[in-house]
Peer 1: 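First, the structure itself, so that you have it in front of you.
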Amino acid sequence: MNGENGRGDSQVSCGTKGSGRSSEDSHKHKDKHKEKEHRHKDHKKDKERDKIKHSNSEQKEHSEKKHRDKEKLKHSDGSSDKHREKHKDKEKRKEDRNQTSHSDKHKKEKENGYVREKSPAAIKSEPEDDNSFYPSPKHNKTSKRECDDEEFEYKPKKVKVEHDKKAKKRKHEYEEDEEDEDVKHKKKTKDKKSSEGKKAKKEEEEKWKWWEEERSTDGSKWRFLEHKGPVFAPSYEPMPDKVKFYYDGKPMKLSAPAEEVATFFAKMLDHEYTTKDIFRKNFFKDWRREMTSEEKSKITDLNKCDFGEMNEYFKAQSEARKQMSKEEKQKIKEENERLLQEYGFCIMDNHKERIGNFRIEPPGLFRGRGDHPKMGMLKRRIRPEDIIINCSKDSKHPKPPPGTKWKEIRHDNKVTWLASWTENIQGSIKYIMLNPSSRIKGEKDWQKYETARRLKKCVDRIRAQYREDWKSKEMRIRQRAVALYFIDKLALRAGNEKEEGETADTVGCCSLRVEHIKLYPKLDDQEYVVEFDFLGKDSIRYYNKIPVEKRVFKNLQLFLENKQSEDDLFDRLNTSILNKHLQELMDGLTAKVFRTYNASITLQQQLKELSCSDDNIPAKILSYNRANRAVAILCNHQRAPPKTFEKSMQNLQTKIDEKQNQLSAARKQLKAAKADHKASHDEKSKKAVELKRKAVQRIEEQLMKLQVQATDREENKQIALGTSKLNYLDPRISVAWCKKWGVPIEKIYNKTQREKFAWAIDMAEKDYEF
DNA sequence: CCCTTAACTTAGCATGGTGTAT
DNA sequence: ATACACCATGCTAAGTTAAGGG
């Protein structure tokens, strides 16, 4: 069923990253990413690619007719100033009108293909309502449209029962919450009896199936919210006097504020960050700001600063921490647990929910990723006065630490955060929000996958359209169409514009520059190859060579005309334009939905392809990991090879060799036993043969397991599976797969992941189709 | 509009606890 | 019991997107 919608995996083969420096010249920022370099090992990748590569066939190109209107498409002049071009677009709007016949057609398609006709069935058009996918018993009972079942996997009976139970429970809890909270808390933490009660309640909470409840439709995120506020970073503890800081070779006692900032630097001394010019410059500037005027006049050169002793001190400290006795460690653990119990949860709409990050980020030196212009700047300490608290009016408001106040307390139930503050490096806002296992996050996650599944239903239509748009007379339409093709085929990110000089220079699809692609009319045995080489999110390099359709290729050539290498490839496109267009194609469609969709559909396809019924469990898991890996490659989820990789690989190999020896020994014994049996034909020897046979079998299995493990690890060397598992793969696919093949879910999801995906684990059956 | 910003998701890395082998 | 590898977890940076305001 999904087959026709998938794209024959062509995208899977594309995520390969190439080797190191070859294409570096095209990189403005080449030298700055040394630390990432080691990732770009390719023979490994080639192997990987071969494994999951499939016919990379594009549909046959129709012979491209010469477009007579090429003139129109030409860049007006050498300029690539986006804004100027944009004005031209405005002028062109008249032309757009011509296009309306075009877009009208699309609208109609839209109605037929996906947006159901509203009038006939008198059913509220669900896809237009974002909340529509939530099970609504009424609907499902009366309206039996295919899509309902498909979208909801709805099991009316079960839900009904649960609902009733739920209702009772909710009432119960509600009554409980009516009690004086204060009294309750005290009671619970004090005596044992009530702590049991607490446990019971907790268990109840853990079973809460929010996914079987209806969701609010008015845009509010909650009705009641109570929490204790954030936990602040521990205050600064001055250095012992014996630990000295030296300036120009002479010991110097620093004022507390200056000393604190100095310790941040001292702690990082053996990180290569501290050798970078920008880092040092930024640090020094910010550090001086914390100094007394006296210090400021003395300390004028960072190179004359010696943080060595401080650095040693911290190393000793962490060593001491490791050496702590069990009891001490236990004590710390308990303290952490207490903090978690007190501050790690909130009450949201009658349920106790886990908070994601209840600790405020401690001060320190900012470490951006990649080549960040602000690296080394001081991330200042956050005080209560910086914090905005969000909670219910009728809740017990969190108390600020004695002698302080909050910046503000607000009661905004249109947002999900409990507290926020503005960070001083980028001026962006940081939030305290709930854990992924919470209702509020889970619903959103579920919704994300439902949107992706809706895309599945209309992706053919959308693809047909962008292919059509490659021929448009309008430059902006063509650019949009080619960009969308990349986003779809290569799972590129949208690519917002970024303020230059404020962040690392990274790009996504819409912000690709001329320097990031190379065109090869012919490369080896392939035609129309595009080579991508750019730094994406987190300054992770994306390197890929892929053959594209001729028309795309020609368009790219056109886009490149008269441009400099630092000019935008899609000078008439940005994420806002693209997303507006996507919104018109499907309700809720944005660029990132393609990533979710393609990731999930790829997993499903790969699982189908790779799973083999007579595999044992480890082999099945290997298949799963391979499917997962295909997605990670598609999404370019890389990691630095683990530091201990080589060594642990060696260890594993040793184990394998040992096993092999064991095996041949066991085989010999088996042979001997057989011979023995042949000679004597007695019961005893027969039993011995059986015994030996079993032993051989067991060892074979163990060997197999080890080999599988080795393969898996090798293939995973620089690929991170976690990100896609956590963010892109509809968990119901995995759950269904586990059920189908009898693989315990614990083999696929760890505890945290099971908590996050509880909804999927509960609702997906073995026949679930994404 | 067009730009800014709030809100929320996605991302890789450090680290420290845990489980396993010795 | 100890050492060590591994993995879960926390952390926080860096994206995307929609909405709001000038």
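Every chain is numbered from 1 and lettered A, B, ... according to where its sequence line falls, protein lines coming before strand lines.
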Peer 1: Counting primed atoms plus P, OP1 and OP2 as sugar-phosphate and everything else as base, spell out the protein contacts along nucleotides 4-10 of chain B at 4.0 Å heavy-atom distance: B, S or - for each nucleotide, 5' to 3'.
Peer 2: --SBBSB

Peer 1: Testing the 3.5 Å rule here: is there a donor-acceptor pair between the side chains of A/E658 and A/Q662?
Peer 2: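 No, A/Q662 and A/E658 have no side-chain donor paired with an acceptor closer than 3.5 Å.
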
Peer 1: Rounded to whole Å, how long is the line connecting atom CD1 of A/I719 with atom C1' of B/dG12?
Peer 2: 15 Å

Peer 1: Looking only at side chains, do A/S511 and A/K498 share a donor and an acceptor under 3.5 Å apart?
Peer 2: no

Peer 1: Side chains of A/N413 and A/R223: is there a donor and an acceptor less than 3.5 Å apart?
Peer 2: no

Peer 1: Can you tell me how far the NZ atom of A/K374 sits from the CD1 atom of A/I278, to the nearest 0.5 Å?
Peer 2: 12.5 Å

Peer 1: Find out whether A/Q660 and A/L703 are in side-chain contact, i.e. whether some heavy atom of one side chain is under 4.5 Å from a heavy atom of the other.
Peer 2: yes

Peer 1: Roughly, in whole Å, what's the span from OH in A/Y749 to P in C/dA8?
Peer 2: 14 Å

Peer 1: Classify the ring geometry between A/F265 and A/F283 as parallel (under 30°), tilted (30 to 60°) or perpendicular (over 60°).
Peer 2: parallel

Peer 1: Does A/G495 reach a base, just sugar-phosphate, or nothing at all? Heavy atoms under 4.0 Å.
Peer 2: sugar-phosphate

Peer 1: Measuring centre to centre across the rings, with the benzene-like ring taken for any Trp, is A/F358 within less than 6.0 Å of A/H227?
Peer 2: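 No, the ring of A/F358 stays outside the 6.0 Å limit from the ring of A/H227, centre to centre.
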
Peer 1: Base, sugar-phosphate alone, or nothing: which one does A/R354 contact when heavy atoms must sit under 4.0 Å apart?
Peer 2: sugar-phosphate

Peer 1: With sugar-phosphate meaning primed atoms plus P, OP1 and OP2, does A/T506 contact a base, only sugar-phosphate, or nothing at under 4.0 Å between heavy atoms?
Peer 2: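 Result for A/T506 = sugar-phosphate.
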
Peer 1: So do the side chains of A/R493 and A/K592 get within less than 4.5 Å of each other, counting heavy atoms only?
Peer 2: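 A side-chain contact is absent here, since even the closest heavy-atom pair is not under 4.5 Å.
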
Peer 1: Within this structure, what is the CD-to-C1' distance between A/E502 and B/dC3, rounded to whole angstrom?
Peer 2: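 That distance rounds to 15 Å.
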
Peer 1: Quick check: on DNA chain C, is the nucleotide nearest A/L589 upstream (toward 5') of the one nearest A/T503, or the reverse? Name the residue that is more 5'.
Peer 2: A/T503

Peer 1: Specify the residue among A/I332 and A/H271 whose closest nucleotide of DNA chain B lies further upstream toward the 5′ end.
Peer 2: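 Looking at DNA chain B, the more 5' nearest nucleotide goes with A/H271.
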
Peer 1: Do A/N579 and A/Q583 have side-chain N/O donor and acceptor atoms under 3.5 Å apart?
Peer 2: no

Peer 1: What is the separation between atom CD1 on A/I577 and atom P on C/dT16, rounded to the nearest whole Å?
Peer 2: 15 Å

Peer 1: Between C1' on C/dG10 and CZ on A/R367, what's the gap in Å once rounded to a whole number?
Peer 2: 14 Å

Peer 1: Send over the distance from A/K322 NZ to B/dT15 P, rounded to a whole Å.
Peer 2: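 Atom-to-atom, A/K322 to B/dT15, this comes out as 10 Å.
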
Peer 1: In terms of the nearest nucleotide of DNA chain C, which residue is placed more toward the 5' end: A/V507 or A/F358?
Peer 2: A/F358

Peer 1: May I have the distance from A/M375 (atom CE) to C/dA14 (atom C1'), rounded to whole angstrom?
Peer 2: 14 Å

Peer 1: Tell me whether the OP1 or OP2 atom of C/dG15 has a side-chain N or O from A/N496 closer than 4.0 Å.
Peer 2: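 It does not, given that no N or O in the side chain of A/N496 lies less than 4.0 Å from OP1 or OP2 of C/dG15.
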
Peer 1: Using a heavy-atom cut-off of under 4.0 Å over every strand shown, decide if A/K580 touches base, sugar-phosphate, or nothing.
Peer 2: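 The answer is nothing, as A/K580 stays clear of every strand by at least 4.0 Å.
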
Peer 1: Looking at A/Q426, does any N or O in its side chain come under 4.0 Å of the phosphate oxygens OP1/OP2 on C/dA13?
Peer 2: no

Peer 1: Which is true for A/N750 with a 4.0 Å heavy-atom rule: it touches a base, it touches only sugar-phosphate, or it touches nothing?
Peer 2: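 Sugar-phosphate, backbone atoms only, no base.
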
Peer 1: So what does A/E423 touch, heavy atoms closer than 4.0 Å: a base, only the sugar-phosphate, or nothing?
Peer 2: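 No contact.
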
Peer 1: In degrees, rounded to 10°, what is the bend between the two ends of the helix from B/dC1-C/dG22 to B/dT22-C/dA1, using five pairs at each?
Peer 2: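 It works out to 10° between the end axes.
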
Peer 1: Look at the side chain of A/E272 and the backbone N and O of A/T275, then say whether any donor-acceptor pair between them is shorter than 3.5 Å.
Peer 2: no

Peer 1: Determine: side-chain N/O of A/K498 to OP1/OP2 of C/dA13, distance under 4.0 Å, yes or no.
Peer 2: no

Peer 1: Would you indicate what A/P436 reaches in the nucleic acid, counting non-hydrogen atoms under 4.0 angstrom: base, sugar-phosphate, or nothing?
Peer 2: nothing

Peer 1: Side chains of A/W759 and A/D445: does their closest heavy-atom pair fall under 4.5 Å?
Peer 2: yes

Peer 1: Whole Å only: how far is the CD atom of A/E361 from the C1' atom of C/dT12?
Peer 2: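 A/E361 atom CD is separated from C/dT12 atom C1' by 5 Å.
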
